[in-house]
Amino acid sequence: MKFGVVTFPGSNCDYDAYAAAKLLGEEVTFLWHQSSDLQGADVIILPGGFSYGDYLRSGAIARFSPIMKEVVEFAHAGFPVLGICNGFQVLVESGLLPGALMRNDHLRFSCRFIHIRVERNDNIFTAAASTGDILKIPIAHKDGNYYNFTADIDALEKNGQILFRYCDSRGNITPESNPNGSMANIAGICNREGNVVGLMPHPERAVEDILGSSDGLQIFNSIKLSLARGKKLERA
Amino acid sequence: MSKRAIIYIRLKEGVLDPQGVTIQRAILNMGYDAVSSVRSGKFFELELSSDNAQAASQVDDICRKLLANPVIEDFRVEYSQ
């Protein structure tokens, strides 16, 4: 299996994502934003950071870079794409995921460990976890406040597209455990087909105990497990 | 029709504007009581190379695809010299 990690100008978690994939013992390559070649990657990661300085809106400019045209095609063909933090913002701006990520309700940049609950494990990116698992993972963002129309939030719920919710350390979904004002405590969602996933917390920053938590490994292990189960990970 | 497009972007009705709320709070703290609500937004000036209908249609596209996020924002275009 080969990971492709996209580097935009201003990406700053690309090396963390690279290191996490390496930790799994998998092949991984960087994909430059100006390139139109996914280099045969089986799974694409859009990493965290501040692509194009977050000018205009977070993710709004990155969406038009040459590599994104390929990523959109790759996603539409059913291959797995994971957007982390700024990568999530790029995915909503490019229309691969519904909704918008607005300024945090308290207007501050938050950088700390939080807890998220895995809402379902029948997805490529959560297959190694159990539904209800509580993951301790850091956030680092100012624009992570998930917004959508109430009817669309209901549709996300109904279609099982909410994969991660902010919770307290015991898994309770409470207003206090919501770090940014996201509707329905949403921390991560997938598209209808399930192959495109975005989340604001940083699993790649929590893959070894020395980093404060290794819970983020669940997401990387899930990719590996899904491949072993023969999900649609190999490029045709 | 003219060669300058002035674009106003604002959050849709009903979308919470935390910046506006914070600014309004500051206004109250300053002692002014005449303001009951603040909505923030963005403003762009585009110099156009032509002033035909095609340019206007491009401006509309640019607003829809880039300058505004249609999920949360509305835009308004005015043309001036």
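Naming: A, B, ... by sequence-line order, numbering from 1 per chain.
- The distance from the NZ atom of B:K12 to the CZ atom of A:F149 is 4.0 Å, given to the nearest 0.5 Å.
- Heavy atoms closer than 4.5 Å to chain B are found in the backbone of A:N104, but not in its side chain.
- In this structure, A:Y55 places its OH atom where only 12 or fewer heavy-atom neighbours from other residues, nucleotides or ligands lie under 6.0 Å away.
- The environment of B:Y32 atom OH is sparse: at most 12 non-hydrogen atoms of other residues, nucleotides or ligands sit within 6.0 angstrom.
- Taking a 6.0 Å sphere around CD of B:E78, one finds it holds more than 12 heavy atoms contributed by other residues, nucleotides or ligands.
- Heavy atoms from other residues, nucleotides or ligands lying under 6.0 Å from OH of A:Y15 number 12 at most.
- With a threshold of 4.5 angstrom between heavy atoms, B:L11 approaches chain A through side-chain atoms but not through N, CA, C or O.
- The shortest side-chain heavy-atom distance between A:L56 and B:F44 falls under the 4.5 Å cut-off.
- B:R39 CZ: more than 12 foreign heavy atoms inside a 6.0 Å radius.
- Put simply, the side chain of B:D17 does not reach to within 4.5 Å of the side chain of A:M102, judged on heavy atoms.
- Contact annotation for B:V21: neither backbone nor side-chain heavy atoms come within less than 4.5 Å of a heavy atom of chain A.
- Among all heavy-atom pairs drawn from B:A68 and A:R57, the shortest one is C-NH1, 3.5 Å.
- Residue A:E93 is tested with B:N69, B:V71, B:L66 for a side chain to side chain contact (heavy atoms under 4.5 Å, CB included); the sole match is B:N69.
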